[in-house]
Amino acid sequence: MEREPKKIREGYLVKKGSMFNTWKPMWVVLLDDGIEFYKKKIDNSPKGMIPLKGSSINSPCQDFGKRMFVFKLTTAKQQDHFFQAAYLEERDAWVRDIKKAIQCIEGGQRFARKSTRKSIRLPETINLSALYLSMKDSNKGIKELKLEKDKKVFNHCFTGSCVIDWLVSNNAIRNRKEGLMLASSLLNEGYLQPAGDTSKNGAEGLTDTPFLDLSDAYYYFADSGFFCEGNSSDDDVVLKEEFRGIVVKQGCLLKQGHRRKNWKVRKFVLREDPAYLHYYDPAGGEDPLGAIYLRGCVVTAVEDIPDAKKHDVDTNLFEIITANEVHYFLQAATPVERTEWIKAIQVVCRTGK
């Protein structure tokens, strides 16, 4: 009996067509033996599948001029597949997981996240999801900071030592050694992400533990507004103009058009001071397609939208009503993602200018 492939990561990426130089948003699913890509998240059958055995990955890929955050996957048959992420950290996370999946195939091993609890002997009573929400609490959680290192500015992040300090002070652990085990589990499960070369080396297995209890090892919450200003270690340049205002959250959502009522994938960037939700063509372009001014707006989850079902869009929906009574309908990929977006927008509505 064949083993069912394990899902490792999924989300919207922009994929280059195999025959023409066209870039289209796809729902991409990384399995431990391959990559499936779908036209829509709700589709049952993928448009294609890329086997990882014998494949190699190249990042950053500079083959397309101004198109940023691209990586290339080359199969054993020398077929090239190009993907573009919405921002630098998202691309790095995909590349890191794909590399690990390829290495596991070559070594005849299972992907590391499958045995996190067993490998570090994490007690079954610990609820990582609940712990993660406590860590993100705006009042009692870990404070997100702006930190500088190696001529780069890391926004919305924190140090490894801060994480262990917080776990100790909240009685989640008995000592710092246990803290390393728990933090490593949060890192392996994707709740925490490494920022900068020091923490990335740990996550890639180049140190004694995946997570580092150090003041110069930086990390960030997976769904935060983290971004880095300055040249990254791989020669990509993050344009500072792209981040006008403080970035709170960013990622891809489905947006309903106002005229034709059709749904399209857009890259959204939530900012405060001023309070705007900009949206971009995920296939490229530095200038936003539009912006939603959030000061004084109302945002709520909705279960049904007229004409949505005929476009196969009927779950994880939410609505933004601006102060001028303009209605925007959006769809997140999961219920958790919808909740995170709603909470982030509500905060910006109250605090942004």
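Quick note: residue numbers are just sequence positions, from 1.
In this structure, Trp94 and Phe83 have side chains that are not in contact, with every pair of non-hydrogen atoms separated by 4.5 Å or more. Counting heavy atoms from C-beta on, the side chains of Leu289 and Lys264 never come closer than 4.5 Å.
Ion pairing between Asp213 and Arg176 holds under the 4.0 Å rule for side-chain N and carboxylate O. Salt bridge status for Glu337 with Lys249: absent, with no side-chain N to carboxylate O gap under 4.0 Å.
Scanning both residues, Phe71 and Arg91, for their nearest heavy atoms gives CD2-CG, 3.6 Å.
A side-chain contact (heavy atoms from CB on, under 4.5 Å) with Ile8 holds for exactly one of Ile35, Val29, Ile98, Asp32; it is Asp32. Of the residues Val95, Ile102, Asp97, the one that meets the side-chain contact (heavy atoms from CB on, under 4.5 Å) test with Lys99 is Val95.
In this structure Tyr328 satisfies the ring pair (Phe, Tyr, Trp, His ring centres under 6.0 Å) test together with His258, sequence neighbours excluded.
Taking the centre and axis of the six-membered ring of Tyr279, the NZ or CZ atom of Lys255 falls inside the cone set by 45° and 6.0 Å.
There is no side-chain donor-acceptor pair under 3.5 Å between Gln250 and Arg271. Counting only N and O atoms by type, the side chains of Lys149 and Thr198 include a donor and acceptor under 3.5 Å apart.
Side-chain heavy atoms closer than 4.5 Å link hydrophobic residues (I, L, V, M, F, W, Y) into clusters, and following such links, possibly through other members, connects Phe318 to Val326.
Note on residues 69-80: no pairs pass salt bridge (charged side-chain N to carboxylate O under 4.0 Å, His left out), not counting sequence neighbours.
A donor-acceptor contact shorter than 3.5 Å is absent between the side chain of Ser185 and the backbone of Met181.
For an aromatic pair to be called close, the ring centres must be under 6.0 Å apart, and Tyr132 with Phe221 satisfies this.
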